Amino acid sequence: MLDIRLIREHPDDVKAGLRRMGADTEAIDIVLKFDELRRKIETEVSAMRNQRNQGSKEIGKLKDPEERESRKTEMRLLGDRISQSEEELNRLNTEQRTLMLTIPNLPLPEVPNGHDESDNVVTRTIGAPKSFPFPPKPHWDVGTGLDILDIERGVKISGSRFYVLKALGAALQRALITWFLDVHVMEQGYTEIYPPFVVKRECLIGTAQLPKFEDNLYHDIEDDFWMVPTAEVPVTNLHRDEILDGSQLPLRYVAYTPCFRREKMSAGRDVRGIKRGHQFDKVEMVKICRPENSMEELDSLLANAEDLCAKLEIPYRVVKICAGDKTFSNMIQYDLEMHAPACGDSPKGEWLEVSSCSNFGNFQARRANIRFRTEPGAKPEYPHTLNGSGLALPRVMIAILENYQNEDGSVTIPQVLRKYMHGLDVIRKA
RNA sequence: GGAGAGAUGGCUGAGUGGUCGAAAGCGGCCGCCUGCUAAGCGGUUGUAGGGGUGUUAAGCUCUUACCCCGGGUUCGAAUCCCGGUCUCUCCGCCA
């Protein structure tokens with residue numbers, strides 16, 4: 001959520017930021033109108049309440065029963081007026097908040113201009129796309145050929161966009177998860193978290209999936225549980241409604257969770273293979289830090305994710321996302337994309353997003369009411385939150401199956417994963 | 001799932017209609033004292049919103065709301081009533 005004071009005092013800057021994202025600016029004018037009216041009524045209500053509080057105190061001290069009764073009547077009338085204004089005030093408060101929750105975070109000045117994917121900036125490419133002495137097969141052929149991926153049965157049991165990993169396919173994914181976590185925890189200093197995979201609605205408001213992106217979430221109506229679309233949600237919300245001690249910061253967490261997405265917004269996209277499913281696994285890093293450190297923390301977050309790509313020895317690139325393509329709630333975003341030689345429509349293969357690393361500023365902290373004190377006794381402030389995948393499993397699986405495939409249909413296991421696969425070095429047809 | 005108990009400030013814990021934004025203790029902060037340490041003494045110490053003043057600063061000041069959440073009764077609610085949530089104990093069930 002943006003700071004209402006920022007909107008109040010610098011509406012033109014806010015609108016300019018929204019325009020860079022191709023977002024609507026009329027919400028700003030509406031919010032400002034609400035805000036003005038809201039403050040006016042709030043002042044009135046406060047004054048009336050004050051009058052009532054004073055009056056009630058006096059009634060308590062009055063001896064004369066007649067005078068007492070007449071004051072009571074007076075106060076009763078005042079009470080009715082207060083109730084009316086309170087109702088109005090409540091309405092304005094909720095309406096203003098509801099609207100505020102739909103306004104996206106503003107891009108930082110260094111975020112490149114642009115309105116879609118094609119305007120993103122590739123900042124560096126590490127390793128060249130691999131060339132093969134034979135025509136590389138797409139992962140769905142590699143995987144089904146080895147009988148480690150079963151898309152048809154996934155569809156049979158759960159519908160489209162579900163798949164089954166089998167035998168060494170399942171083991172490979174499990175090895176990746178464990179290795180990712182080990183690197184983040186043992187080499188990079190993150191604290192591992194095992195969170196619930198369903199959360200309350202407030203959590204999703206906190207990290208800004210709700211109210212705007214309800215369409216993309218699975219929801220259990222009976223208990224009002226929401227299945228997590230990313231570990232960002234439960235992990236960031238660990239500290240919802242808390243005032244942290246500044247000496248605890250930065251907090252650096254990592255969590256593995258399945259992620260559940262309805263993918264309504266991507267209907268028809270990426271239907272082939274395992275690139276975009278309703279359920280996928282991901283290891284996610286989450287940081288909560290002091291505002292002044294958040295850009296360095298973003299750099300190290302990105303470096304931590306990149307480290308995994310590099311160690312897997314798969315070509316990847318770093319993409320700076322433009323203002324029009326960044327997500328709703330961040331203020332700057334970098335994506336990591338691994339190369340998959342046989343995926344997609346182009347003979348050159350496709351760059352697959354395996355990680356998205358973002359700095360959210362205090363946007364989520366405001367929504368989730370996460371605060372900290374720089375020192376004991378100081379005023380609470382909003383910290384910055386960040387998160388980044390480290391990494392998303394299906395795309396890494398794709399990249400491994402396609403990059404490490406051999407002409408005979410087998411797949412070489414990346415060096416770093418072998419000790420997580422009992423020393424196995426190649427996946428062959430059983 | 002059944003029965004009972006409970007939810008008060010950073011923590012412990014008092015408070016059953018006005019004198020309560022809330023005793024007391026602990027902790028924190030500031031100062032004093034002390035050769036060091038330990039102890040001692042004094043003061044201070046919740047969050048959020050709005051108004052005024054001030055350079056849209058610091059600050060000062062007035063005020064409102066908040067004693068789990070939401071309603072209700074009342075001139076007035078931490079306190080009474082209703083609904084809900086959560087926690088604990090016991091029983092049941094269970095990977």
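In this text the structure is predicted, and so the values were computed from the model without any measurement.
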Could you give the distance separating B/C41 and B/G17 at their P atoms, to the nearest angstrom? 36 Å
Is any side-chain N of the basic residue among A/Glu58 and A/Arg71 closer than 4.0 Å to the acidic one's carboxylate O? yes
Phosphate contact (B/G50 OP1 or OP2) by A/Arg8 side-chain N/O below 4.0 Å: yes
Counterpart base for B/G4, defined by Watson-Crick or G-U wobble contacts under 3.5 Å: B/C88
Is there a side-chain polar atom (N or O) of A/Asn50 under 4.0 Å from OP1 or OP2 of B/U64? yes
Residues A/Asp35 and A/Arg8 bridged, charged N to O under 4.0 Å: yes
Euclidean distance, atom CD of residue A/Glu202 to atom P of B/C86 [Å, nearest integer]: 11 Å
Paired with B/G31 by Watson-Crick or G-U wobble geometry, both distances under 3.5 Å: which nucleotide is it? B/C41
Please classify the nucleic acid contact of A/Lys379 as base, sugar-phosphate, or nothing, using heavy-atom distances under 4.0 Å. sugar-phosphate
Could you tell me how far apart A/Met1 (CE) and B/A48 (P) are, to the nearest whole angstrom? 14 Å
Evaluate the ring planes of A/His278 and A/Tyr218, with Trp represented by its six-membered ring, and classify them as parallel (under 30°), tilted (30 to 60°) or perpendicular (over 60°). perpendicular
Using atom CD1 of A/Ile82 as one end and atom C1' of B/A77 as the other, report the distance to the nearest whole Å. 15 Å
What nucleotide, of B/U64, B/U56, B/G18, holds the atom closest to the side chain of A/Ser46? B/U64
Whether A/Lys61 contacts B/U19 is assessed here as follows: a side-chain N or O lying under 4.0 Å from the phosphate OP1 or OP2. Is that the case? no
Earlier contact from the 5' end, RNA chain B, for A/Pro380 and A/Ala47: A/Pro380
A/Arg201 atom CZ is separated from B/U85 atom P, nearest whole Å, by 16 Å
Side chain of A/Arg371 - closest among B/A65, B/U47, B/C75: B/U47
Considering only NZ, NE, NH1 and NH2 on the basic side and carboxylate oxygens on the acidic side, decide whether A/Arg91 and A/Glu86 come within less than 4.0 Å. no
Any strand is fair game: report the nucleotide pairing with B/C93 by Watson-Crick or G-U wobble, both distances under 3.5 Å, or none. none
Applying the Watson-Crick and G-U wobble criteria at under 3.5 Å, what pairs with B/A14? Answer none if nothing qualifies. none
Below the 4.0 Å mark, does B/C75 have OP1 or OP2 next to a side-chain nitrogen or oxygen of A/Arg52? no
Atom C1', compared across B/A78 and B/C68: separation rounded to whole Å: 12 Å
Looking only at side-chain atoms of A/Arg68, point me to the closest of B/G50, B/C75, B/A48. B/C75
For B/C66, the Watson-Crick or wobble counterpart (both distances under 3.5 Å): B/G46
Short side-chain N/O contact to B/U56 OP1/OP2 from A/Arg5, under 4.0 Å: no
If I pick the P atom on B/G6 and the same atom on B/U63, what distance separates them, to the nearest angstrom? 37 Å
Which residue, A/Thr43 or A/Ile243, contacts RNA chain B at a nucleotide closer to its 5' end, judged by nearest heavy atom? A/Ile243
Rounded to the nearest Å, what distance is computed from the CD atom of residue A/Gln54 to the P atom of nucleotide B/U64? 7 Å
What distance, rounded to whole Å, do you find between the two C1' atoms, one in B/U55 and one in B/U47? 28 Å
Please measure how far the P atom in B/A23 lies from the corresponding atom in B/G15, and state the result in whole Å. 14 Å
Determine which nucleotide pairs with B/A77, using a 3.5 Å limit on both distances of a Watson-Crick or G-U wobble pair. none
Between CD of A/Gln51 and C1' of B/U64 the distance, given in whole Å, is 14 Å
Among B/G50, B/C75, B/A48, the nucleotide that comes nearest once only the side chain of A/Glu42 is considered: B/G50
Is the A/Phe363 ring parallel, tilted or perpendicular to the A/Phe328 ring (thresholds 30°, 60°)? perpendicular
Just compare B/C75, B/G50, B/U64 and give me whichever is closest to any side-chain atom of A/Ser56. B/C75
Is there a donor-acceptor contact under 3.5 Å from the side chain of A/Ser266 to the main chain of A/Glu263? no
Any side-chain donor near an acceptor of the partner, A/Gln333 and A/Ser356, under 3.5 Å: yes
Name the closest nucleotide to the A/Arg39 side chain, picking from B/U47, B/G50, B/C75. B/G50
P-based separation of B/C86 from B/A22 [nearest Å]: 32 Å
Name the nucleic acid region contacted by A/Arg76, choosing base, sugar-phosphate or nothing; use a 4.0 angstrom heavy-atom cut-off, strictly under. sugar-phosphate
Send over the distance from A/Glu86 CD to B/A65 C1', rounded to a whole Å. 10 Å
Rounded to whole angstroms, how far apart are CZ on A/Arg38 and C1' on B/A48? 11 Å
With both distances under 3.5 Å as the test, what is the Watson-Crick or G-U wobble partner of B/G21? none
Just compare B/U56, B/U63, B/C75 and give me whichever is closest to any side-chain atom of A/Glu9. B/U56
Testing the basics here: between A/Lys275 and A/Arg395, what is the closest heavy-atom pair and its distance to 0.1 Å? O-NE, 2.7 Å
Which nucleotide, in any strand shown, forms a Watson-Crick or G-U wobble pair with B/A57, with both distances under 3.5 Å? none
If you measure from the P atom in B/G76 to the same atom in B/A58, how many Å do you get, rounded? 37 Å
Spell out, as yes or no, whether a donor-acceptor pair under 3.5 Å connects the side chain of A/Arg367 to the backbone of A/Leu101. yes
Check every atom of B/A65, B/U47, B/C75 against the side chain of A/Asn53 and return the nucleotide holding the closest atom. B/A65
Distance check: side-chain N/O of A/Arg49 vs OP1/OP2 of B/U63, anything under 4.0 Å? no
Write down the distance separating the C1' atoms in B/G43 and B/C33, rounded off to the nearest Å. 15 Å
